[in-house]
Amino acid sequence: MSETLSFIKRMGLVGLTYIVNLLIGIILIPVFTKGQPLEYYGVWVQVNVSLSLVPALTCLGLPYTLVRYLPGEKDPERIRESFYSILALVFLLNLVSSPIIAYLIIRYAAGNVAGLAPLLAVLLLIQAVYFVGVAYLRAMQKVRVYSILMIIQNILMAMGVGGAVIYGYGLKGAMMALLTVNAMITMVILYRVMLDIGVKIPSFSYLREHIAFGLPTIFGNFSDWIVSSSDRYLIGYFLGVIYVGYYNPAYSIVSVINIFLWPLIFLLPARLSELYDGGDMVRIKSYFRYSLKYYLLLAIPSIFGLSALSGPLLTILSTPEIAENAWSVVPIVGAGVGVYGVYAIISQAFVLEKKTSFIARLWMVVATVNFVLNMVAIPYLGINGAALTTLIAYILALAVTVRYALKFFTIPFNLSDVLKSILSGAVMYLIVSGLNPSGMVGILFTVAAGAAVYIALIFLLRTFDGEEIEMFRSLLRS
């Protein structure tokens with residue numbers, strides 16, 4: 001019980017970090033969309049999508065290798081060697097590749113805005129080093145350090161980027177502010193790592209093993225990105241960058257659901273790897289069971305609630321024009337995000353078994369299907385077509401993952417709990433839709449009312465057993 005409570009508390013801390021990050025992203029929507037050319041926001045979205053994609057490819061999957069290999073490692077010398085060899089290789093690879101990739105992104109996917117390519121090149125290099133530093137914090141489960149740094153980073157980024165746009169410095173000013181903040185946080189992380197393990201000139205002794213694990217994840221990462229983010233590029237190509245500005249606010253609202261997923265994805269790999277290397281399969285299955293149950297119990301009502309409130313939320317956070325064009329995207333994308341969350345939890349079984357090549361092959365197939373469907377759907381169905389193909393891709397990924405995972409790993413899953421949550425969420429949706437709120441106060445009241453209805457129904461349907469209720473009580477008392 002004490003271990004479970006400790007894990008939940010760490011999840012809460014990571015969740016708080018993600019909430020701050022999400023709020024900053026939402027705050028920046030009106031900064032870029034109200035009183036500014038909508039093209040500005042479209043280019044800003046493309047830049048940020050690139051910052052999540054490019055390092056995932058150019059780092060060769062090596063940061064994630066740290067998350068898998070370091071948690072159970074007891075030899076300090078091997079930890080130092082692993083970290084610094086990966087850091088050195090990642091830095092060199094991105095030093096060479098970032099200028100070329102930045103030029104191509106700005107030239108062909110981000111409006112060809114003059115002068116942004118050099119800034120993006122430096123940002124990509126810093127982001128790659130940042131990925132390695134954050135991977136170390138994840139591997140060593142330094143949740144408090146990570147959370148504090150991320151909250152500071154997001155607050156500073158909001159102040160810098162928002163100030164640059166509001167005071168007329170445009171996209172260059174916004175990117176310069178982002179670069180400054182990211183560079184500062186990256187240096188702080190590296191300094192913290194040096195305090196923990198010292199400094200070492202790497203001999204690259206274990207690099208072949210690390211690359212063998214990490215390299216297949218490149219294809220998985222790229223294919224995952226094609227499904228989750230390439231639709232922005234294709235929307236920009238087929239419909240224009242303005243439609244990216246319509247589409248992304250809806251995606252940003254749906255990102256609220258990831259508040260419940262991100263803490264799990266951040267903490268589970270290191271914790272499960274530690275238990276797996278110790279042979280403790282009983283606790284591993286317990287982690288899977290509770291992770292799936294509580295993710296779905298929270299994600300399902302969020303999907304229903306956001307779908308009911310999509311129009312009013314988009315109107316407040318952006319413009320009536322965006323709300324009119326994007327409200328219908330929210331329920332489709334929401335369902336896709338929910339399905340992806342289940343996949344992300346179950347796929348940890350393949351990471352434990354070091355079957356990263358399976359994940360890579362799966363996402364290559366899924367990405368191909370998604371890309372082909374997008375090429376057909378976006379020109380005819382617009383941004384709703386992009387959302388629909390993403391949902392189809394995630395359903396395919398989940399179905400294949402479950403089928404193959406069950407061949408070597410028993411994953412506890414209670415279908416009745418999911419059905420109870422769907423029923424409760426549907427009732428909540430009807431009530432929230434009937435209230436039809438306007439204004440932020442009305443929306444907050446409606447959210448509170450919807451949440452109260454959902455929680456009451458969940459308890460009436462006896463979704464929780466006695467042990468789980470006692471665990472909640474212990475958490476509240478602590």
Side-chain angles (χ1 to χ4, degrees), residues 9-25 27-28 47-48 50-52 54-56 58-59 62-67 70-71 73 76 79-95 98 119-164 173-202 262-263 265-267 269-270:
K9 289 177 182 178
R10 293 201 300 272
M11 279 182 53
L13 193 55
V14 176
L16 175 62
T17 305
Y18 185 85
I19 289 172
V20 173
N21 179 48
L22 177 65
L23 289 175
I24 296 306
I27 288 170
L28 288 178
V47 167
N48 280 275
S50 302
L51 288 177
S52 65
V54 174
T58 56
C59 291
L62 291 171
Y64 194 63
T65 304
L66 292 176
V67 178
L70 293 192
E73 183 57 58
I79 292 174
R80 279 191 292 270
E81 171 61 29
S82 296
F83 177 81
Y84 284 109
S85 61
I86 287 175
L87 178 64
L89 182 58
V90 164
F91 179 81
L92 291 174
L93 288 172
N94 285 271
L95 183 65
S98 291
L119 289 173
L120 181 58
V122 179
L123 269 169
L124 290 173
L125 177 60
I126 292 172
Q127 191 79 349
V129 176
Y130 169 87
F131 272 23
V132 178
V134 168
Y136 172 86
L137 296 180
R138 289 181 66 187
M140 298 311 197
Q141 302 182 54
K142 296 185 178 295
V143 177
R144 187 180 299 274
V145 174
Y146 167 82
S147 298
I148 292 173
L149 288 176
M150 294 308 101
I151 290 173
I152 293 173
Q153 179 184 16
N154 283 296
I155 292 173
L156 291 177
M157 190 267 287
M159 294 171 60
V161 172
M175 287 182 64
M176 183 61 73
L178 180 62
L179 189 157
T180 302
V181 173
N182 285 6
M184 181 184 71
I185 295 298
T186 301
M187 287 188 290
V188 172
I189 292 175
L190 293 180
Y191 177 72
R192 176 55 194 256
V193 174
M194 287 187 287
L195 289 179
D196 282 353
I197 64 175
V199 179
K200 175 181 171 58
I201 298 176
W262 175 240
I265 298 307
F266 185 88
L267 294 170

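Heavy atoms only: backbone and side chains are in, while hydrogens, waters and symmetry mates are out. Keep in mind that what you see is a predicted model, and the values were worked out from it rather than measured.
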Q: Start with the C-alpha gap between Tyr84 and Val199, add the side-chain angles, then the distance that decides, and say whether side chain to side chain contact (heavy atoms under 4.5 Å, CB included) holds.
A: CA-CA 8 Å; Tyr84 284 109; Val199 179; 4.1 Å; yes
**Q.** Side-chain (Ser98) to main-chain (Leu95) donor-acceptor, under 3.5 angstrom
**A.** no
Side-chain donor-acceptor distances from residues 173-188 under 3.5 Å, at least two apart:
unit_1, atom_1, unit_2, atom_2, d
Thr180, OG1, Met176, O, 2.9
Asn182, OD1, Gln153, NE2, 2.9
Thr186, OG1, Asn182, O, 2.7

Q: Tell me, please, which residues at least two apart from Thr17 pass side-chain hydrogen bond (donor to acceptor under 3.5 Å, both in side chains).
A: Ser147
Q: Check whether any side-chain heavy atom of Tyr146 lies under 4.5 Å from a side-chain heavy atom of Ile189, and answer yes or no.
A: no
Q) Taking only residues two or more places apart in sequence or in another chain, which ones pass side-chain contact (heavy atoms from CB on, under 4.5 Å) with Ala128? A) Pro55, Cys59, Val90, Asn94
Q.
Are more than 12 heavy atoms, taken from residues, nucleotides or ligands other than Met194, located less than 6.0 Å from that residue's CE atom?
A. yes
**Q.** Steps toward side chain to side chain contact (heavy atoms under 4.5 Å, CB included) verdict (Val54, Gln127)
**A.** CA-CA 9 Å; Val54 174; Gln127 191 79 349; over 6 Å; no
Q. Looking at CG of Leu124 and CG of Leu119, how far apart are the two atoms once the value is rounded to the nearest 0.5 Å?
A. 11.0 Å
Q: Compare every heavy atom of Val67 with every heavy atom of Ala139, then report the nearest pair and how far apart it is.
A: CB-CA, 3.9 Å
Q.
Atom CG of residue position Leu195 - does it have more than 12 heavy atoms of other residues, nucleotides or ligands inside 6.0 Å?
A. yes
Q: Scan for ring-ring contact (aromatic ring centres under 6.0 Å, His included) pairs involving residues 174-195, sequence neighbours excluded, and state none if there are none.
A: none
(Q) Quick check: closest heavy atoms across Pro202 and Glu81, and the distance to 0.1 Å? (A) CA-OE1, 3.6 Å
Q) Mind checking what makes side-chain hydrogen bond (donor to acceptor under 3.5 Å, both in side chains) contact with Tyr136, not counting sequence neighbours? A) Asp196
Q.
Using the rule given for side chain to side chain contact (heavy atoms under 4.5 Å, CB included), can you reason through Leu62 versus Leu66, listing the C-alpha separation, both sets of side-chain angles and the distance that settles it, and then say yes or no?
A. CA-CA 7 Å; Leu62 291 171; Leu66 292 176; over 6 Å; no
**Q.** Interatomic distance, Leu149 atom CG to Asn154 atom CG [nearest 0.5 angstrom]
**A.** 11.0 Å
Q | Partner set under side-chain contact (heavy atoms from CB on, under 4.5 Å) for Leu93, not counting sequence neighbours | A | Leu60, Leu89
Q: Looking only at non-hydrogen atoms, find the nearest pair between Ile86 and Pro63 and report the distance.
A: CG2-N, 4.5 Å
Q.
Please give me the minimum heavy-atom distance between Phe131 and Leu51, naming the atom from each residue.
A. CZ-O, 4.1 Å
